There are 2 protein chains.
Amino acid sequence: MSANRDSAQKRASAPLTDFERPSVAVDTAVLTVADGALCVVLVPNAEGWRLPGTFVHAGETLALAVLRSLRQKAGIEGVHPRQLHVFDAPHRDDRGWVMSVAHLVTVPAASVADTVLAGSTVLTPWHDAHDAHDLVCDHAQILRMAVETLRQSYRTHADPDRLLGTEFTLYELLRLHETIAGERLGKDTFRRHMRDQLVETDSHRPGVVGKPATLFRHGSS
Amino acid sequence: MSANRDSAQKRASAPLTDFERPSVAVDTAVLTVADGALCVVLVPNAEGWRLPGTFVHAGETLALAVLRSLRQKAGIEGVHPRQLHVFDAPHRDDRGWVMSVAHLVTVPAASVADTVLAGSTVLTPWHDAHDAHDLVCDHAQILRMAVETLRQSYRTHADPDRLLGTEFTLYELLRLHETIAGERLGKDTFRRHMRDQLVETDSHRPGVVGKPATLFRHGSS
DNA sequence: TAAATAGTGTCTATAAGACAATATATG
DNA sequence: CATATATTGTCTTATAGACACTATTTA
């Protein structure tokens with residue numbers, strides 16, 4: 001029975017060379033919100049635009065491979081990769097058997113300018129996430145999953161990815177949520193949902209005209 | 001610059017042999033609900049209990065590897081694997097560099113008896129999912145993720161995994177949800193939530209005493 | 001004071017949850 | 001009829017969303 005043969009192989013001390021092994025890559029949707037638009041980092045290659053990615057090296061976790069690829073290809077540092085899904089169709093990559101583990105990373109809009117400067121030899125191309133067509137193989141699907149995951153996390157929390165700074169007005173938070181959700185949200189209902197997650201400060205941010213808005217910080221959670 | 005070298009490698013026609021590659025395995029939490037308990041399939045090995053799993057073979061998708069491992073090790077057929085997460089800690093397996101892609105599979109309680117018979121040489125050990133301790137490496141974490149994923153899908157749908165048969169009473173559905181959620185649910189609120197997802201039939205299931213319950217089927221969704 | 005933005009009070013429609021009443025079976 | 005289970009009606013309370021009102025700033 002083949003089940004016995006399989007078990008015997010797994011109990012042996014060096015069974016790993018008995019099998020052909022796949023190459024494992026990571027591909028990452030780097031998202032930010034800037035000027036009321038949800039943006040993603042795309043890099044050009046021969047066949048079109050793609051998400052930044054790399055092969056995973058020995059002794060490296062997937063998350064570290066993501067960090068390495070973003071540092072090298074987009075000059076992005078200090079982020080927290082979230083795993084989304086493994087894409088494993090046997091012939092999705094014509095170079096051979098390559099699985100890709102899709103990831104999501106978010107970058108605060110405030111650090112986008114720094115990011116561009118850091119990758120000195122590489123243009124860091126931010127694109128509107130909703131206008132990103134013609135991506136290679138399954139990268140459009142990765143982008144959709146990333147946006148949906150971001151939406152899900154912002155549906156229940158004020159700013160889990162700290163896309164705003166430490167202090168922000170409720171209207172800035174509202175515009176962030178509207179951009180991520182892709183729809184208008186009632187301001188008064190929104191306030192009531194967010195207030196108990198936030199801490200009011202003594203400071204205010206004056207606008208060009210009108211009553212200055214109270215600044216808030218994140219709660220202890 | 002190392003980014004350039006990396007790009008050159010990826011554009012070459014046979015770059016896949018330049019890197020050491022990981023072994024990729026699948027491990028699956030097979031869940032069912034039987035007699036008011038959430039149960040999981042565990043198989044014994046030298047270090048303790050573990051979830052059924054196998055290495056992924058060349059030319060095979062992750063889902064197919066899951067199906068093969070369940071057929072061989074537990075006699076389970078006709079299921080639909082759902083991907084949960086990749087476990088990738090570099091030294092999680094002392095045989096070498098092994099990543100494991102965790103999966104969730106559900107089996108209707110009605111087919112559990114058949115499943116046991118089908119694996120003629122293998123005892124199919126169902127265990128209470130909440131009493132499953134002492135699992136090898138990260139399998140306890142996989143089980144937690146599987147249970148949470150199952151709970152999430154039953155929070156919004158009547159019986160997405162078809163754990164009940166084609167016809168069932170609302171009280172049978174209520175007991176299923178209570179077992180999965182791990183808490184009591186109000187019966188009248190539950191009815192109102194479920195009714196519009198279900199189709200009432202002309203049939204009834206008589207109990208030992210009392211008014212026979214109406215049988216329902218799933219809606220068109 | 002006029003205009004603009006920030007923040008709050010209140011009303012209504014809807015949904016959740018608990019409780020009670022009704023319906024239909026067995027013995 | 002007594003009892004047990006199924007099913008529905010209704011009441012209370014909480015929440016969502018819309019609207020309008022108040023507050024505070026600049027010009």
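Predicted model, so just to flag it, every value in this text is computed and none were measured.
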- Taking B:H103 for its side chain and B:V101 for its backbone only, find out whether a donor-acceptor pair lies under 3.5 Å. yes

Atom-to-atom span, [atom1] of [X] to [atom2] of [N] - whole angstrom:
X: A:R205; N: C:dG7; atom1: CZ; atom2: C1'; value: 17 Å
X: B:L173; N: D:dA6; atom1: CG; atom2: C1'; value: 15 Å
X: B:L185; N: C:dA16; atom1: CG; atom2: P; value: 13 Å
X: A:L174; N: C:dA6; atom1: CG; atom2: P; value: 10 Å
X: B:R191; N: C:dA15; atom1: CZ; atom2: C1'; value: 19 Å
X: B:F190; N: C:dA15; atom1: CZ; atom2: C1'; value: 17 Å
X: B:E200; N: D:dA6; atom1: CD; atom2: C1'; value: 12 Å
X: B:L170; N: D:dT5; atom1: CG; atom2: P; value: 17 Å

- Message: For A:F168 and A:H218, I'd like to know if the aromatic rings sit close, meaning centre-to-centre distance below 6.0 Å.
- Response: yes

- Message: Does A:R195 reach a base, just sugar-phosphate, or nothing at all? Heavy atoms under 4.0 Å.
- Response: sugar-phosphate

Taking only distance into account, with no hydrogens and no angle test, what donor-acceptor pairs under 3.5 Å do side-chain atoms of residues 210-217 of chain A form with protein atoms, sequence neighbours excluded?
from: A:R217; atom 1: NH2; to: A:E167; atom 2: OE2; distance (Å): 2.9

- Query: Got a salt bridge between B:E183 and B:R155, using NZ or NE/NH1/NH2 to carboxylate O under 4.0 Å?
  - Reply: no

- Task: Answer yes or no: does a side-chain N or O of A:R192 lie under 4.0 Å from OP1 or OP2 of D:dT15?
- Result: no

- Query: Does a nitrogen or oxygen in the side chain of B:T214 sit under 4.0 Å from OP1 or OP2 of D:dT7?
  - Reply: yes

- Would you say the side chain of B:K187 and the base of D:dT7 hold a donor-acceptor pair, judged only by whether the two atoms sit under 3.5 Å apart? yes

For nucleotides 24-27 of chain C, list the nitrogen or oxygen atoms of the protein found under 3.5 Å from its nitrogen or oxygen atoms, one pair per line.
none

- Message: Assuming nearest nucleotide by heavy-atom distance, tell me which of A:F216 and B:T189 is located more 5' along DNA chain C.
- Response: A:F216

- The complete set of ring pair (Phe, Tyr, Trp, His ring centres under 6.0 Å) pairs with one or both residues in residues 33-53 of chain A, sequence neighbours excluded, reads A:W49-A:H127

- Message: For A:R191 and A:E200: C-alpha separation, side-chain torsions, deciding distance, then whether salt bridge (Lys or Arg N to Asp or Glu O under 4.0 Å) applies.
- Response: CA-CA 12 Å; A:R191 292 185 93 89; A:E200 191 172 345; over 6 Å; no

- Note: A:R151 and A:I180 closest approach over all heavy atoms is NE-O, 2.7 Å

